[in-house]
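None of these values were measured; they are calculated from a predicted model.
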Amino acid sequence: MTAELRVIEGDITALAVDAIVNAANGTLLGGGGVDGAIHRAAGPGLLEECRGIGGCPTGEARITAGHALPARYVIHTVGPVWRGGGAGEPGLLAACYRQSLRLAARHDVRSIAFPAISTGVYGYPLEAASEIAVATVRDVLSEAPAIEKVVFCCFGAEVARLYEMILDSAR
Ligand code: AR6
């Protein structure tokens, strides 16, 4: 079966999927952007569970419960800070999508939503980041047949249009 790839514009914390992905930092102790929104919506139990994990290196992923979120799980991944592109950023960003999907598959996740990792506070250029996101997800899905739906959750109409364009051009 081929998984459905969808673009949704809006707040990832509202999505009723099996897992949402958090663009976290290495401490996993919360922050601004989508990370802050997820912790606010999930409630204090999420921070408590994250404390027990003890952090996450860039390009890797860790899983927790969704607590008060509609999603059953939160997959926390740490994107690279953009330093001009010569510091391994593309490979690290691809690793975030790859490791998140693999972790999801191991927990029987069928539907998962990603934010545009690294493209906010971490400064990764949006177009390059979204191309990596789509290409990596397509690639990893071939080894994760149980995943039925992947949502690219876009904060703003402009981001959503860009993702639609990339998905269309690669179809
Ligand atoms: N739903 C979906 N997408 C969102 C939401 C939301 N509620 N809020 C923001 N975005 P960012 P990063 C988009 O900055 O660049 C945190 O402080 C946002 O518009 O959240 O990976 C962490 O603790 C952008 O497109 O994550 C780290 O320190 C995308 O999510 C640092 O920021 C990612 O922006 C991580 O920076």
>> Minimum heavy-atom separation for V21 and S100, please, with both atom names.
In response: CG1-OG, 4.1 Å
>> Do the side chains of D18 and R110 get close enough for a salt bridge, i.e. N-O under 4.0 angstrom?
In response: no
> Below 4.0 angstrom, N of the basic side chain to O of the carboxylate: do E60 and R62 qualify?
Replying inline: yes
> Judged by atom type as modelled, is there a donor-acceptor pair below 3.5 Å linking the side chain of S169 to the main-chain atoms of I166?
Replying inline: yes
> What are the two closest heavy atoms between A116 and L126, and how far apart are they?
Replying inline: CB-CD1, 4.4 Å
>> So which atom in N25 and which in G30 form the shortest heavy-atom distance, rounded to 0.1 Å?
In response: ND2-O, 3.1 Å
> Would you call the rings of Y73 and H107 parallel, tilted or perpendicular, where under 30° means parallel and over 60° means perpendicular?
Replying inline: perpendicular
>> What's the separation between atom CD1 in I132 and atom OH in Y97, rounded to the nearest 0.5 Å?
In response: 9.0 Å
> Any donor-acceptor pair under 3.5 Å linking the side chain of T136 with the backbone of A133?
Replying inline: no
> Is it the case that one hydrophobic cluster holds both I38 and V17, taking links as side-chain heavy atoms less than 4.5 Å apart, direct or via other members?
Replying inline: yes
> Looking at side-chain heavy atoms only, is the closest gap between H67 and L69 below 4.5 Å?
Replying inline: no
> Which pair of heavy atoms, one from E164 and one from V7, lies closest together, and at what distance?
Replying inline: OE2-CB, 3.6 Å
> With I75, which of N22, I112, I20, L101 fulfils side-chain contact (heavy atoms from CB on, under 4.5 Å)?
Replying inline: I112
>> Please give me the minimum heavy-atom distance between A16 and P70, naming the atom from each residue.
In response: CA-CB, 4.1 Å
> Which atom pair, heavy atoms only, marks the closest approach of A65 to L46?
Replying inline: O-CD1, 3.8 Å
>> Does R83 have more than 12 heavy atoms from other residues, nucleotides or ligands lying within 6.0 Å of its CZ?
In response: no
>> Tell me whether E127 at atom CD has more than 12 heavy atoms from other residues, nucleotides or ligands lying less than 6.0 Å away.
In response: no
>> For the backbone of P80 and the side chain of S118, can you confirm whether one donor and one acceptor N or O come within less than 3.5 Å of each other?
In response: yes
> With no hydrogens and no angle check, is any side-chain donor or acceptor of E89 less than 3.5 Å from a backbone partner on Y124?
Replying inline: no
> Looking at F114, F155, F152, which one forms a ring pair (Phe, Tyr, Trp, His ring centres under 6.0 Å) with Y163?
Replying inline: F152
>> Please say yes or no: joined through hydrophobic side-chain contacts below 4.5 Å, possibly via intermediate residues, are V134 and M165 part of one cluster?
In response: yes
